[in-house]
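Quick notes on the structure that follows.
The chains referred to below are lettered A, B, ... by the order of the sequence lines, with proteins before strands, and numbering in each begins at 1. All values reported here derive from a predicted model rather than from experimental measurement.
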Amino acid sequence: MRRSQLFLPTLKETPAEAQIVSHRLMMRAGMVRQTSAGIYAWLPMGFRVLKKIEQIVREEQDRSGAQEVLMPTIQPADLWRQSGRYDDYGKEMLRIKDRHDRDMLFGPTNEEMITEIFKAYVKSYRDLPKNLYHIQWKFRDEVRPRFGVMRGREFLMKDAYSFDLDYPSSRHAYNKMFVAYLKTFARMGLKAIPMQADTGPIGGDLSHEFIILADTGESQVFCHKDYVDFDVSGQPIDFDDVAGVQKVVERWTSLYAATDEKHDTAAFEKIPAEKRVTARGIEVGHIFHFGTKYSEPLGAKVTGPNGDIVTVLMGSYGIGVSRLVGGLIEASHDEAGIIWPEAVSPWGVGVVNLKVGDGECDKVSGDLYAKLGNAGREPLYDDRDERAGSKLADMDLIGLPWQVIVGPRGLKSGVVEVKNRRTGEKQELSPEAALNRLTA
RNA sequence: CGGGGCGUAGCUCAGCCUGGUAGAGCGCUUGCUUCGGGAGCAAGAGGCCGGAGGUUCGAAUCCUCUCGCCCCGACCA
């Protein structure tokens, strides 16, 4: 993409309403535009990041055996009357009426709907287990939206729903999601720690929140320091290996980790003082096992192996996709701007032509841009006729992991500069060597 | 939903107390100079001062009502 063509309205000054760093940087980098309190339009750069995150989530869900569907944003109220949540959910649920005066709502979640779909088709234990997910916009009419996209009213969420015949199988479904989440967040370059959590209005007997540590996190969290060094990224996992998956879960639940609501001071103090971590955290995922809470009232039953009728056991598993955009920035930025982890960066490499109009600069920049593109590096080429300083500052602000800086001074001695955004480290290389460095 | 604050140019804000025909910086347009970390000079464009009532000869400014947004708290993916 050529910067001169791109709709990327960056700002030198920070809009007044943005308080926390991720919100400020998202506004300055021209990623989103607020249209009402807690509701945002996604501009090209923001949208690209959102899609990258969404795709990682999708791939890891698929890998764990879940299947993607797409349910509507608007739901009929009757469905929610059956589960009893139409009245329970309160004012957070946006209620609307259609032209026939029928009660509808903008879905805050989809347990009722997925259960209704499931029960319409699945009648036999032979069709179990199943895990269905979708990635869809939700609406919760928060009293006080804040922190930009991290706590909006409209938000993009991945929610998965598992259906099983008995507890061991249902527990395995929960464990699979647990492990898939660890891998999902690790791929994005995030350290997400599973913590015991409150089940809230969703209900259930087993639940973990996946929390990333960041100074501006919404809630106080407490955990054992060793979690910070745990790693899942390396080895592949066989999701059909029940014991193996269980082992990973056990490892990640062996030490103390809890959010404020579930915090047990006595247990925490048993940890050696130097291993206690008290920090702020951002919830980016939440998994629940809730048994028959929805399958019972909505009548999701199958015929078991002995001919008996069994109410299926369910779990639900959420990831805040749009929230992650803010969360990633909270976890990775500096004074100059955003620092995207490679996997979610809107473009892979920024090519900065410091002197547009100079024959040699134009030629080398254009050539690097074309070759990086052919190599699948998704380059962003700043070919605007702007001052060098403003282009460099802009490139730092939008945070692409790599920059190639092409200027007349370097070209005199046949070199361009390759800069790592995170470390700030710069290397002077010939254009060919730079290309190799960035496509290796 | 309680408490507080703010709505003036695309953005950051001044002007309001003490009413008198709308300001600055950044950004934008044009020209010249500059050109490796958010340039300089010059000339421009751009605002029913959130909206509605009221007071007044006259309202961005005073009064009333409304709408929107932000912050703290309670609540939440």
Side-chain angles (χ1 to χ4, degrees), chain A residues 9-20 23-24 27-28 30 33-39 57 89-93 107-111 135-160 181 197-202 207-212 218-219 259-261 281-288 316-324 326-327 335-337 352-358 361 382 384-397 403 405-412 415-417 419 424 426 428:
Chain A
T10 55
L11 299 172
K12 197 147 61 165
E13 286 170 294
T14 305
E17 71 264 24
Q19 295 296 317
I20 61 163
H23 192 194
R24 277 204 280 262
M27 305 288 279
R28 284 195 53 208
R33 166 90 183 168
Q34 179 168 327
T35 61
S36 329
I39 304 180
V57 170
Y89 223 93
K91 292 187 127 178
E92 292 219 328
M93 186 150 77
T109 177
N110 286 69
E111 278 85 4
I135 299 173
Q136 177 65 292
W137 293 92
K138 307 280 190 292
F139 195 92
R140 293 184 192 170
D141 200 357
E142 299 279 345
V143 252
R144 180 150 103 86
R146 65 186 113 168
F147 306 144
V149 298
M150 292 217 296
R151 174 103 181 260
R153 291 193 292 171
E154 188 180 58
F155 55 97
L156 187 62
M157 182 178 174
K158 183 283 303 182
D159 41 326
Y181 275 34
D198 208 17
T199 55
I202 311 259
S207 174
H208 286 90
E209 279 181 17
F210 287 73
I211 304 274
I212 56 178
E218 284 197 79
S219 45
T259 60
D260 219 3
E261 312 92 66
I282 300 167
E283 180 183 354
V284 291
H286 201 157
I287 60 178
F288 303 86
S316 79
Y317 316 92
I319 289 180
V321 176
S322 49
R323 168 177 284 189
L324 272 165
E335 316 73 48
V352 184
N353 182 347
L354 288 182
K355 189 160 186 177
V356 172
D358 174 282
C361 286
D382 196 339
R384 295 172 304 166
D385 187 13
E386 293 285 331
R387 299 181 57 80
S390 106
K391 289 199 279 198
L392 292 169
D394 222 52
M395 197 54 86
D396 283 348
L397 171 63
Q403 301 172 6
I405 299 161
V406 180
R409 200 155 78 194
L411 287 184
K412 252 179 217 156
V415 296
V416 297
E417 193 174 283
K419 175 175 159 184
K426 297 173 183 173
E428 296 207 322

**Asked** Are the side chains of A/Leu392 and A/Leu354 in touch, meaning some heavy atoms are under 4.5 Å apart?
**Response** yes

**Message:** If you define the side chain from C-beta out and look only at heavy atoms, does anything of A/Asp396 sit under 4.5 Å from A/Gln403?
**Reply:** yes

**Item:** Distance, rounded to the nearest Å, where A/Met27 contributes CE and B/U12 contributes P
**Value:** 8 Å

**Spacing of A/Glu335 atom CD relative to B/G38 atom P, expressed in whole Å** = 16 Å

So, the side chain of [X] versus the backbone of [Y]: is there a donor-acceptor pair under 3.5 Å, distance only?
X	Y	result
A/Lys158	A/Tyr317	yes
A/Ser207	A/Ile287	yes
A/Arg153	A/Glu142	no
A/Lys391	A/Asn353	yes

How close do [X] and [Y] get, counting heavy atoms only, and between which atoms?
X	Y	answer
A/Glu111	A/Ser316	OE2-OG, 3.1 Å
A/Val356	A/Arg384	CG2-O, 3.3 Å
A/Glu417	A/Glu428	OE1-OE2, 4.1 Å
A/Leu11	A/Met27	CD1-O, 3.9 Å
A/Pro108	A/Arg140	O-NH2, 2.8 Å

Does the structure show a Watson-Crick or G-U wobble partner for [N], both distances under 3.5 Å? Name it, or say none.
N	answer
B/C69	B/G5
B/C17	none
B/G31	B/C41
B/C76	none
B/C11	B/G25
B/C62	B/G54

Mind checking the [atom1] distance from [N] to [M]? Whole angstroms is fine.
N	M	atom1	value
B/C62	B/U55	C1'	8 Å
B/G46	B/G10	P	12 Å
B/G25	B/C65	C1'	36 Å
B/C17	B/G44	C1'	36 Å
B/G38	B/C26	C1'	10 Å
B/G2	B/U66	P	14 Å
B/G50	B/C69	C1'	10 Å
B/C70	B/A24	C1'	24 Å

Listed pairs, N/O of protein and of nucleotides 68-75 of chain B, under 3.5 Å:
unit_1 : atom_1 : unit_2   : atom_2 : d
B/C69  : OP1    : A/Ala37  : N      : 2.7
B/C69  : O3'    : A/Gln34  : NE2    : 3.2
B/C70  : OP1    : A/Gln34  : NE2    : 3.1
B/C70  : O3'    : A/Glu17  : O      : 3.4
B/C71  : OP2    : A/Arg144 : NH1    : 3.4
B/C72  : OP2    : A/Arg144 : NH1    : 3.3
B/C72  : OP2    : A/Arg144 : NH2    : 2.5
B/C72  : N4     : A/Arg144 : NE     : 3.4
B/A74  : N6     : A/Arg146 : NH2    : 2.8
B/C75  : O2     : A/Arg151 : NH2    : 3.1
B/C75  : N3     : A/Arg151 : NH2    : 3.1
B/C75  : N4     : A/Arg146 : NH2    : 3.1

What does the list of N/O pairs under 3.5 Å between the protein and nucleotides 27-37 of chain B look like, with a distance for each?
unit_1 : atom_1 : unit_2   : atom_2 : d
B/U34  : O2     : A/Arg387 : NH1    : 2.7
B/G36  : O2'    : A/Arg409 : NH1    : 2.7
B/G36  : O2'    : A/Arg409 : NH2    : 2.9
B/G36  : O6     : A/Gly407 : N      : 3.4
B/G36  : O6     : A/Gly407 : O      : 2.9
B/G36  : O6     : A/Arg409 : N      : 3.2
B/G36  : O6     : A/Gly410 : N      : 2.7
B/G36  : N2     : A/Glu417 : OE1    : 3.1
B/G37  : N1     : A/Asp396 : OD2    : 3.1
B/G37  : N2     : A/Asp396 : OD2    : 2.3

Classify the nucleic acid contact of [X] as base, sugar-phosphate or nothing, counting any heavy atom under 4.0 Å across all strands shown.
X	answer
A/Gly152	base
A/Arg28	base
A/Lys138	nothing
A/Thr14	sugar-phosphate

**Request:** Between A/Ser322 and A/Arg33, name the one whose nearest nucleotide on RNA chain B is closer to the 5' end.
**Result:** A/Arg33

